[in-house]
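This report concerns only the one structure given below.
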Amino acid sequence: MKLELYKFDTCPYCRRVLNYISESGRTDIELHDTRKSAADREYLIENGGKEQVPCLFIDGKPLYESLDIIEWLKQHPQQ
């Protein structure tokens, strides 16, 4: 399963997700910063349909909203 989180560092909702990832010890999530990479920002808009972060792409399908992302991660622990 491919997991990619699109975020930017000063977003409080992104921080919430990143804190959970850090606390859980997950290492299976590729991070993309939409403020540092124009290509990442364009990918998010083209494939997610909007510029909103955080966005977790799960095998290419977007999941928005920090609490929904955290809940999904809890239900699908790293293997």
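FYI, side chains are in, hydrogens and waters are out, and symmetry mates aren't considered; it's all heavy atoms of this structure.
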Minimum heavy-atom distance between S66 and R16, given as atom pair plus value
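For S66 versus R16, the nearest heavy atoms are OG-NH1, 2.9 Å.
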Where do P54 and C14 come nearest, in terms of heavy atoms and distance?
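What the structure gives for the nearest pair is N-SG, 3.7 Å.
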Tell me whether Y20 contacts the main-chain N or O of I69 through its side chain, where contact means a donor paired with an acceptor under 3.5 Å.
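It does not hold such a pair.
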Without swapping roles, check the side chain of S24 against the backbone of I21 for a donor-acceptor pair under 3.5 Å.
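Side chain of S24 to backbone of I21: a pair is present.
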NZ/NE/NH1/NH2 to OD/OE distance under 4.0 Å, R35 and D33
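Not counted as a salt bridge, because no side-chain N and carboxylate O are separated by less than 4.0 Å.
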Using a strict 4.0 Å threshold on nitrogen-to-oxygen distance, state whether D9 and K7 make a salt bridge.
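Answer for the salt bridge query: yes.
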To the nearest 0.5 Å, what is the distance between [atom1] ([X]) and [atom2] ([Y])?
X: F8; Y: E51; atom1: CZ; atom2: CD; answer: 8.5 Å
X: L63; Y: I58; atom1: CG; atom2: CD1; answer: 4.5 Å
X: I45; Y: D40; atom1: CD1; atom2: CG; answer: 11.0 Å
X: D59; Y: E4; atom1: CG; atom2: CD; answer: 9.5 Å
X: L18; Y: L5; atom1: CG; atom2: CG; answer: 6.0 Å
X: Y13; Y: E65; atom1: OH; atom2: CD; answer: 8.5 Å

Please evaluate residues H76 and L3 with respect to the criterion side-chain contact (heavy atoms from CB on, under 4.5 Å), reporting the C-alpha separation (whole Å), side-chain torsions for both, the decisive distance (0.1 Å), and the verdict.
CA-CA 11 Å; H76 300 86; L3 302 175; over 6 Å; no
Tell me whether the rings of Y6 and F57 are parallel (<30°), tilted (30 to 60°) or perpendicular (>60°).
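It falls in the perpendicular class, over 60°.
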Check whether any side-chain heavy atom of L56 lies under 4.5 Å from a side-chain heavy atom of L73, and answer yes or no.
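Yes, side chains in contact.
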Any side-chain heavy atom of E30 sitting closer than 4.5 Å to one from K2?
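Touching, per the 4.5 Å side-chain cut-off.
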Would you say R15 has more than 12 foreign heavy atoms packed within less than 6.0 Å of its CZ?
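More than 12 heavy atoms, drawn from other residues, nucleotides or ligands, come within 6.0 Å of this atom.
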No-hydrogen, no-angle side-chain donor-acceptor test under 3.5 Å, T27 and Q78
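There is such a pair (donor and acceptor under 3.5 Å, judged by atom type) between the side chains of T27 and Q78.
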Please say yes or no: joined through hydrophobic side-chain contacts below 4.5 Å, possibly via intermediate residues, are W72 and V53 part of one cluster?
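No, because W72 and V53 fall into different hydrophobic clusters, even though each may have its own neighbours under 4.5 Å.
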Single-linkage hydrophobic cluster, 4.5 Å side-chain cutoff, Y64 and Y43 together:
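Y64 clusters together with Y43.
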